[in-house]
Amino acid sequence: MRVRRGNAADPTYDCGEMPIPRIAIVGRPNVGKSSLLNMIAHQKVSIVDPTAGTTRDRVSVIADLQPPHEGTDSTRKITVEVTDTGGFGAYFDDQQGRGRFDDVGNDLARLTDDIEFQISEAVRGADLILFVLDAQDGVTSRDQEIARLLRERVLGGGRGTKMRRAAGTDEENARADAEEAGAKIGRPGLRVVVVANKTDGPKWEAHAYEAAALGFGEPMCVSAKNNYFRRDFLDALYEKVRDLPGVTVGPQKDDVRADMKIAIIGKRNAGKSSLVNALAGEQRVIVSEIAGTTRDAIDVKFEMDGKTFVAIDTAGLRKKKSFADRIEHFAFDRAQRAIERADVVFVMIDATEPVSQVDHQLMWLVQRAFKPCLVVVNKWDLVEGRNNQHGRPITTENYEEYLRKETKGLEFAPIAFISADKGTNVRRTIRLAFELLRQAGERASTGVLNRKMREILSTRGPSSKLGTFAKVYFVAQVAKRPPTIVLVVNNDALFTNNYQRFLLNALRRSLPFPEVPIRLIVKNRKRARMQDLATGEHQRRKLEAAGVSPDDARAWDGPAIIDADLDDAAWEAHGAEEFGEEMDEARETGDGGEPGDDLDGETADFSEDILLGADDDEFDSGDLSEDDPEPLG
């Protein structure tokens with residue numbers, strides 16, 4: 001068990017510059033920017049909802065553009081980074097109050113400056129800008145305003161406005177103005193393409209071409225919702241990207257793939273976005289005291305110590321009965337997907353608040369996914385040294401003791417104490433994540449596993465009230481990430497959930513992956529064919545696999561089961577010959593027990609029932625340690 005502590009602020013990291021063309025999608029609210037991103041990416045990335053202001057941050061994805069008249073296996077693909085942005089003016093007065101206030105009365109117009117800053121940053125770093133309009137609404141005054149800002153390079157011209165708001169002194173304001181002016185003067189003209197979305201059929205094409213009056217050339221007509229003109233749009237986009245200077249034709253996903261993906265999950269206002277910004281050294285995602293600011297799962301790439309990693313910022317979650325609208329359901333779905341595609345998961349805990357039911361349920365999600373997990377205690381600078389309810393100073397030691405009692409099932413997971421706001425202990429936490437990823441990729445030899453299993457069974461083996469004794473014939477690791485161990489036994493019903501937890505804890509202490517989850521699969525031994533048993537062929541193959549010569553195997557008159565100590569190579573050969581069918585079946589099906597299974601063998605459907613409004617103690621399923629009180633004979 002490791003606990004990472006830190007008292008000094010860590011330096012920030014360079015955001016990885018992706019060596020591929022970058023496309024920014026901008027426009028006013030509800031013109032279909034998120035739908036367009038999903039269509040280009042061929043997957044559901046951004047949340048799509050008619051509510052104005054659904055997208056707030058920059059949502060980026062790596063996608064391949066296929067050349068015209070060629071399939072997905074084309075060697076002339078162009079890999080691009082596409083960025084969706086929030087709607088410009090999402091909470092302006094012309095929305096007549098719709099969606100301006102959240103379910104607790106917060107005025108979301110306070111996010112306007114942050115959203116527009118994110119839009120400006122996306123435009124500033126883009127090689128091509130897709131300016132999206134609604135063909136059915138025609139060109140509105142808001143569209144004309146955005147076009148003017150793009151022509152004058154106010155959008156994407158620099159960071160002056162944001163920096164000036166955060167600065168305060170005359171010298172800092174002058175420096176911000178100079179940077180903004182220099183960015184506008186030295187930068188070439190923006191490449192802007194107008195996209196007339198919602199061109200749902202031939203009758204809307206004439207309306208779509210009204211957008212040519214904005215001065216950015218002939219618009220590209222498409223309907224991201226019903227795929228009208230979809231192929232024409234993607235072909236035209238490919239041609240425009242190919243004509244950009246320095247573009248490399250050919251798939252490049254291997255060049256931009258990160259060494260590790262980290263999903264950052266937690267309840268609302270735990271500091272997930274603050275951690276991403278601390279890594280970036282800039283306002284990469286919006287941080288606000290308004291709970292639920294982040295909605296999409298946002299990927300941000302970084303480089304540290306010669307390695308690259310992607311931090312996936314997710315929406316803060318709360319009890320399902322408190323969800324205000326379907327956007328929160330979509331956000332929860334994106335958080336689940338982030339866990340599935342991550343290599344390591346950070347569970348963010350707010351040190352200033354007690355561990356809640358939502359924290360418990362998020363940890364269950366991580367356990368069910370068998371992902372390496374790091375419990376990150378944020379805002380540690382606000383509680384360290386203060387007195388707890390017993391009048392004693394709060395330290396990392398007694399907080400860890402409290403956390404272990406409150407969080408069941410992740411006793412093996414390391415704990416890191418950080419302050420995202422001050423950048424304290426962030427670098428050590430990322431290094432620990434790389435260490436967990438390394439452990440998850442380790443493999444234990446078959447000989448070590450079988451010898452360790454024999455030792456465990458001789459100390460404390462499973463038993464039955466009917467007097468049946470459990471036997472383990474063979475143990476092997478069949479997969480990595482997560483480490484997957486298969487036990488071939490005489491009766492899998494004897495290996496209860498409690499005893500499987502005991503086995504995992506006992507194995508973890510002697511295997512090269514002590515701090516990551518292990519998937520355990522218990523398989524019944526398959527019976528040999530009657531013909532092989534009658535002729536002795538079955539016994540002969542077992543002896544030869546154990547290293548006995550063919551002549552000695554035919555004349556063997558010893559015990560039926562080889563019980564001698566074997567070296568690793570002999571164990572591998574013995575297992576492949578004797579239990580190859582069981583091993584292959586386990587690799588294909590992966591039907592291991594879930595760590596979320598209760599003692600009666602029923603598994604809760606967390607995809608539906610998670611975050612329901614039950615009391616915290618209803619989810620206390622008991623200690624999962626090896627000292628479980630169930631009698632084992």
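For reference, positions follow the sequence shown, starting with 1. Computed from a predicted model, the values in this text were never measured in an experiment.
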Taking atom NZ of Lys225 and atom CG of Asn197, what is their separation to the nearest 0.5 Å?
10.5 Å

Would you find a donor on one side and an acceptor on the other, under 3.5 Å apart, between the side chain of Asp64 and the backbone of Lys77?
no

If only side-chain N and O atoms count, and only distance matters, is there a donor-acceptor pair under 3.5 Å linking Ser274 with Asp421?
no

Should Val139 and Leu214 count as side-chain neighbours, where that means a heavy-atom distance under 4.5 Å?
yes

On a heavy-atom basis, which atom in Asp200 and which in Ser223 lie closest, and how many Å separate them?
OD1-OG, 2.6 Å

Of all the heavy-atom pairs spanning Asp381 and Ser419, show the shortest one and how long it is.
OD1-OG, 3.0 Å

Separation of Leu279 CG from Ile262 CD1 (nearest 0.5 Å)
7.5 Å

Nearest 0.5 Å, please: how far is NZ in Lys33 from OG1 in Thr83?
13.5 Å

Locate the shortest heavy-atom distance separating Asp350 from Ala270; write the atom from each residue and the value.
CB-CA, 4.4 Å

Is Arg28 salt-bridged to Asp143, going by a charged N under 4.0 Å from an acidic O?
yes

Do Glu81 and Ile23 have side chains that get closer than 4.5 Å, going by heavy atoms?
no

Pair Val193, Lys240 - check side chain to side chain contact (heavy atoms under 4.5 Å, CB included), show working.
CA-CA 9 Å; Val193 176; Lys240 291 185 178 298; 3.6 Å; yes

May I ask you to decide if Glu340's main-chain N or O and Lys371's side chain share a donor-acceptor pair within less than 3.5 Å?
yes

Using distance alone, with no hydrogens and no angle criterion, decide if Tyr228 and Glu205 have a side-chain donor and acceptor under 3.5 Å apart.
yes

May I ask you to decide whether Arg341 forms a salt bridge with Asp299, counting only side-chain N to carboxylate O separations under 4.0 Å?
yes

Closer than 4.0 angstrom, basic N to acidic O: yes or no for Glu353 and Lys267?
yes

With heavy-atom distances below 4.5 Å as the criterion, would you say the side chains of Val31 and Leu133 are in contact?
no

How long is the span from the CD1 atom in Ile349 to the CH2 atom in Trp380, to the nearest 0.5 Å?
12.5 Å

Minimal heavy-atom distance between Val61 and Ala41, with the atoms involved, is CG1-CB, 3.8 Å

Is there a side-chain contact between Val194 and Phe131 (heavy atoms, below 4.5 Å)?
yes

Using the side-chain contact (heavy atoms from CB on, under 4.5 Å) definition, which of the options Asp313, Val426, Ile430 pairs with Leu275?
Val426

Heavy-atom closest pair (Ala342 atom, Val345 atom, distance to 0.1 Å) is CB-CG2, 4.4 Å

Taking the side chain as every heavy atom from C-beta outward, state whether Arg58 and Ile119 have any pair of such atoms under 4.5 Å apart.
no

Apply the test side chain to side chain contact (heavy atoms under 4.5 Å, CB included) to residues Val80 and Val241: give CA-CA distance (whole Å), side-chain angles for both, the deciding distance (0.1 Å), then the verdict.
CA-CA 9 Å; Val80 296; Val241 172; 3.8 Å; yes

Within the distance-only criterion (no hydrogens, no angle test), does the side chain of Arg76 pair as donor or acceptor with the backbone N or O of Pro67 below 3.5 angstrom?
no

With distance as the sole test, does Thr429 use its side chain to make a donor-acceptor pair with the main-chain N or O of Asn425 at under 3.5 Å?
yes

Would you check if Cys221 and Tyr209 make a side-chain contact, meaning some heavy-atom pair closer than 4.5 Å?
yes

Between the side chains of Glu145 and Arg142, is the shortest nitrogen-to-carboxylate-oxygen separation below 4.0 Å, so that they form an ion pair?
yes

Closest heavy-atom pair and its distance - Ile78, Pro21
CG2-CG, 4.5 Å

Non-hydrogen side-chain atoms of Arg191 and Asp127 separated by less than 4.5 Å
no

Is Asp134 paired with Lys198 through a side-chain N to carboxylate O contact shorter than 4.0 Å?
yes

Heavy-atom side-chain contact between Met304 and Arg427 under 4.5 Å:
yes

Just checking, Lys307 and Phe434: is the charged tip under 6.0 Å from the six-membered ring centre and within 45° of the axis?
yes

Rounded at 0.5 Å granularity, tell me how far NE2 in His42 sits from CD in Gln66.
5.5 Å

Take Arg334 and Lys44 through the test side chain to side chain contact (heavy atoms under 4.5 Å, CB included) and record every step on the way to the result.
CA-CA 9 Å; Arg334 297 303 192 276; Lys44 294 180 180 180; 4.1 Å; yes

Please evaluate residues Thr199 and Val222 with respect to the criterion side chain to side chain contact (heavy atoms under 4.5 Å, CB included), reporting the C-alpha separation (whole Å), side-chain torsions for both, the decisive distance (0.1 Å), and the verdict.
CA-CA 5 Å; Thr199 307; Val222 70; over 6 Å; no

Between Ser35 and Gly32, is there a donor-acceptor pair closer than 3.5 Å when you use the side chain of the first and the backbone of the second?
no

Side chains of Ser356 and Asp359, donor plus acceptor under 3.5 Å:
yes

Looking at Leu37, is its backbone amide N or carbonyl O close enough to the side chain of Asp84 to form a donor-acceptor pair, meaning the two atoms are under 3.5 Å apart?
no

Mind checking the CG-CD1 spacing from Leu150 to Ile129? Nearest 0.5 Å is all I need.
5.5 Å

